[in-house]
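All values below were derived from every heavy atom in this structure, side-chain atoms included, with hydrogens, water molecules and symmetry-related copies excluded. Naming convention: chains lettered A, B, ... in sequence-line order (proteins, then strands); numbering from 1 in each chain.
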2 protein chains.
Amino acid sequence: MTPLPDDLRLDRRRKAIIAAARELFVEQGYERATLAEIVTRAGGSLATVYKLFGNKDQLLEAVVFESAGSGEAVIREAAAAGLAPVPTLHRIAKGLHEHFLDPEVIALVRIVIARSISDPQFARQFFERTANPTRDALETVFARWQADGVAMDGTPGFLAEMFMGLFVSDLQTQAISHGLGISPLPDRLQERTNFFIAAAGINQLAESAA
Amino acid sequence: MTPLPDDLRLDRRRKAIIAAARELFVEQGYERATLAEIVTRAGGSLATVYKLFGNKDQLLEAVVFESAGSGEAVIREAAAAGLAPVPTLHRIAKGLHEHFLDPEVIALVRIVIARSISDPQFARQFFERTANPTRDALETVFARWQADGVAMDGTPGFLAEMFMGLFVSDLQTQAISHGLGISPLPDRLQERTNFFIAAAGINQLAESAA
DNA sequence: GCGAAGGTGTAATGATCATTACACCATTGT
DNA sequence: ACAATGGTGTAATGATCATTACACCTTCGC
């Protein structure tokens, strides 16, 4: 889907258009954002947009799929620090919170959900590329802890799902409904993490075998 | 907002229009649903829609606010059955699951989220009228249990929030992203409830003092 | 310098509705 | 029966864009 590596001009144009489109989509949503305004911000010409992306829908897809990352990196870093499970979980919670409650991410999620009405595949793909890798990274961490002898109630997969529910789904839903200002404060985040730790039956004293 | 109780004709018209609008909004979303089609299904005339609702936006508001209920009733009923906390929680979980994962409710949530981009107040009001009463009803139940001597880790408010996160936000997010077919099976629901019970430190043997 | 190949700017084109206007029909109370 | 009051049907009106068409520049290899 990204041919013409021989021509740098096109590539630069493409990046500029995606950046402007992302900006406008985040500001106004998909429907309200007009291609004319995107072109105004990106510079260049409407014809180029059509040459590169085909139509507005495909431009959105490109923007979303090139923009939205997952929480994988955050989880790997936290796990690699070699801390005990409990402080590691606190660190992961904070990292996921920062990543998934970023206003731009929230704005993209809103757009994806809005489009899920007419295009369910699009929503599914989006979550498969963002939530799933995050969930899987968590699962991997939990599985390693279990293998290292840390007591945990539940399979790594189930616990990863619960963690995602408490720290991604629920917080995003709150962000969407109450506006971004009311996102949980750090201490409320800790309270949540402790809730998870209690449910998972993780021994507060367990040490990582990293 | 519902004047003219003296005239039944208008009231009947109003109900028919709301029903047709709700149906079409659920099927196609807000943007795609046209007033012309709504009128076709409801019978009557476009002019009446404008007389009764003013414009399409206000029609949507009427539909959403007259359609979306909360999970209060489910919670009250479960609590009133006089069972012990643990089976009561299982019952509440099942009830909330049925209520909030109803395809029509999910469709309305999608619409509300889509509109939250341009109209944050609308989304806030919606959640205040659906999620908040549910949360408050839960909090009341938990508080009564605590007063009755059931051991629980955490304030009733916090536990209610966690419960909502696990049984409403997260499941709705999954329904939106994966489609409605993949909503959790009953046994997965039980697993979730047990997770919550463990986190809240509720004694499995605790009896309700009802 | 030169001539493509590829951009650029601008102006149609066309479709889709929300919204409004208007002339006509039905019901209801007297 | 007889106006009203209120509803109905249909046809403008207007606005908003996505999408397309086209004539004109630029840049780059040669």
Side-chain angles (χ1 to χ4, degrees), chain A residues 2-64 111 114-115 117-119 122, chain B residues 2-64 111 114-115 117-119 122:
Chain A
T2 314
L4 300 183
D6 53 315
D7 193 345
L8 285 198
R9 272 183 298 166
L10 267 188
D11 202 48
R12 231 175 293 148
R13 229 62 292 286
R14 185 191 168 82
K15 288 214 174 86
I17 292 167
I18 289 219
R22 177 190 159 102
E23 198 180 291
L24 209 65
F25 288 156
V26 163
E27 275 175 32
Q28 323 201 325
Y30 179 71
E31 309 278 358
R32 289 203 164 190
T34 71
L35 289 177
E37 173 68 17
I38 289 170
V39 166
T40 300
R41 293 198 189 184
S45 147
L46 198 46
T48 309
V49 173
Y50 278 90
K51 168 165 292 193
L52 286 173
F53 299 97
N55 58 33
K56 197 185 176 188
D57 273 29
Q58 287 175 268
L59 173 58
L60 175 66
E61 283 186 23
V63 166
V64 167
I111 290 173
R115 292 189 69 66
I117 298 169
S118 56
D119 184 358
F122 182 55
Chain B
T2 313
L4 300 183
D6 52 315
D7 194 345
L8 285 197
R9 274 184 297 168
L10 266 188
D11 202 48
R12 232 173 292 147
R13 227 69 285 290
R14 186 191 167 83
K15 288 212 175 87
I17 292 166
I18 289 218
R22 176 190 161 103
E23 198 180 292
L24 209 65
F25 287 156
V26 163
E27 275 175 32
Q28 323 201 324
Y30 179 72
E31 309 277 358
R32 289 203 165 191
T34 71
L35 290 179
E37 173 68 15
I38 289 171
V39 167
T40 300
R41 293 199 190 185
S45 150
L46 198 45
T48 308
V49 173
Y50 277 90
K51 168 165 292 192
L52 285 173
F53 299 97
N55 59 33
K56 195 185 176 187
D57 273 29
Q58 286 174 267
L59 173 58
L60 175 68
E61 283 185 23
V63 166
V64 166
I111 291 173
R115 291 190 68 66
I117 298 170
S118 56
D119 185 357
F122 183 55

Next item on the list: Begin from the C-alpha positions of L60(B) and F53(B) and carry the test side chain to side chain contact (heavy atoms under 4.5 Å, CB included) through to its verdict.
Entry: CA-CA 9 Å; L60(B) 175 68; F53(B) 299 97; over 6 Å; no
For the pair made of [atom1] in [X] and [atom2] in [N], what is the distance, rounded to whole Å?
X: L35(B); N: dT10(D); atom1: CG; atom2: C1'; answer: 16 Å
X: L24(A); N: dA18(D); atom1: CG; atom2: P; answer: 10 Å
X: L59(B); N: dC17(C); atom1: CG; atom2: P; answer: 16 Å
X: Y50(A); N: dC17(D); atom1: OH; atom2: P; answer: 13 Å
X: E31(A); N: dC17(D); atom1: CD; atom2: P; answer: 10 Å
X: F25(A); N: dC17(D); atom1: CZ; atom2: P; answer: 13 Å
X: N55(B); N: dA15(D); atom1: CG; atom2: C1'; answer: 16 Å
X: L46(A); N: dG6(C); atom1: CG; atom2: C1'; answer: 16 Å

Original post:
Distance check: side-chain N/O of K51(A) vs OP1/OP2 of dG7(C), anything under 4.0 Å?
Top reply: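 So the side chain of K51(A) is within the cut-off, an N or O lying under 4.0 Å from OP1 or OP2 of dG7(C).
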Exercise. State whether T48(A) places a side-chain N or O below 4.0 Å from either non-bridging phosphate oxygen (OP1 or OP2) of dT8(C).
Key: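 So the side-chain polar atoms of T48(A) do come within 4.0 Å of the phosphate oxygens OP1 or OP2 of dT8(C), strictly under.
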Query - 5'-most by nearest nucleotide on DNA chain D - G54(A) or R32(A) - result: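 Closer to the 5' end of DNA chain D: R32(A).
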- Message: Nearest to the side chain of T34(B), heavy atoms from C-beta on, is which of dA18(D), dC17(C), dT8(C)?
- Response: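 Of the candidates, dC17(C) comes closest.
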| task | Of all the heavy-atom pairs spanning I38(B) and A20(B), show the shortest one and how long it is. | result |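 Taking every non-hydrogen atom into account, O-CB, 3.8 Å.
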Check: Taking R41(A) for the side chain and A19(A) for the main chain, is one N or O donor matched with an acceptor at less than 3.5 Å?
Finding: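 No; judged by distance alone, with no hydrogens or angles, the pair does not exist.
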Item to complete: Please confirm whether any donor atom in the side chain of S45(A) sits under 3.5 Å from an acceptor in the base of dG9(C), or the reverse.
Response: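 Donor-acceptor pair under 3.5 Å: yes.
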Separation between CD of E31(A) and CD1 of I111(A), rounded to the nearest 0.5 Å =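 So the gap between those two atoms works out to 9.5 Å.
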